[in-house]
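Take a look at the structure below.
In this text, all values refer to a predicted model and were calculated from it rather than measured experimentally. In what follows, chains carry the letters A, B, and so on, assigned in the order in which the sequence lines appear, proteins first and then strands, with residues in each chain numbered from 1.
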Amino acid sequence: SQTIHQWPATLVQPVGSPLSLECTVEGTSNPNLYWYRQAAGRGLQLLFYSVGIGQISSEVPQNLSASRPQDRQFILSSKKLLLSDSGFYLCAWRQGGGYTFGSGTRLTVV
Amino acid sequence: GQQLNQSPQSMFIQEGEDVSMNCTSSSIFNTWLWYKQDPGEGPVLLIALYKAGELTSNGRLTAQFGITRKDSFLNISASIPSDVGIYFCAGITQGGSEKLVFGKGTKLTVNP
């Protein structure tokens, strides 16, 4: 079956620390993958998308980066977190007629 | 960039009432999607619309893809307490790299 996994579910990190969030999909090949951020429970902002291994497109300038080392793996990273990086991060993939989202990672930068 | 204007921002209704929310855009979209998000979880797809003028139902939910391809509405009939959540419209862009663009959401509260 086709599923999407995202972890961790919650994360509390100090300012200036690095970040690595991972997203993997199962049951498909060469999916389009996306990272979104949601602040204050409203509105999803597209951060990055990838149409294949090593192919990353950034939507907004920010303190984050993304990588796609394998076909079904999408990673969101930061070298030094800022307070403003706090939020709910969601991974998604194009599946059939719509997009399917992971369960999200709640990141709190303190 | 492309933006979706979703309204209303929030709604407070009594159980049993019908609900209507809508999205408009200055851009044309190939596909309109409606999602519901519960607290602390990812959005879940409710209805997908693929053709201009298309009217689709999913249980008590009905959504339509506007003729101009620049708008869509979602109706919920006979609301129940579990309808509480945030509803998002989203459009899939046409041409070039495909992207899913979201409205800002409608927060629905249903009073028993």
Linked, directly or transitively: A:Val25 and A:Ile75 (ILVMFWY side chains, under 4.5 Å): no

Interchain contact, A:Tyr99 with chain B, by part (heavy-atom threshold 4.5 Å): both

What distance do A:Arg94 atom CZ and B:Lys99 atom NZ have between them, rounded to the nearest 0.5 Å? 14.0 Å

Drop me the distance from A:Leu44's CG to B:Ile86's CD1, to the nearest 0.5 angstrom. 9.5 Å

In this structure, would A:Leu76 and A:Leu83 fall into the same cluster of hydrophobic residues linked by side-chain contacts under 4.5 Å? yes

Any chain of hydrophobic side-chain contacts (each under 4.5 Å) joining A:Val15 to A:Tyr89? yes

Heavy-atom closest contact (B:Leu33 atom, A:Gly98 atom, distance): CD1-CA, 4.0 Å

Supply the atom-to-atom distance B:Tyr35 OH to A:Phe101 CZ, rounded to the nearest 0.5 angstrom. 5.0 Å

Considering non-hydrogen atoms only, spot the tightest contact between A:Phe88 and B:Glu41 and give its length. CE2-O, 3.4 Å

Among the clusters formed by ILVMFWY side chains lying less than 4.5 Å apart, do B:Phe73 and B:Phe88 turn up in the same one? no

Could you state the interatomic distance from CG (A:Leu46) to CG (B:Leu100), rounded to the nearest 0.5 Å? 8.0 Å

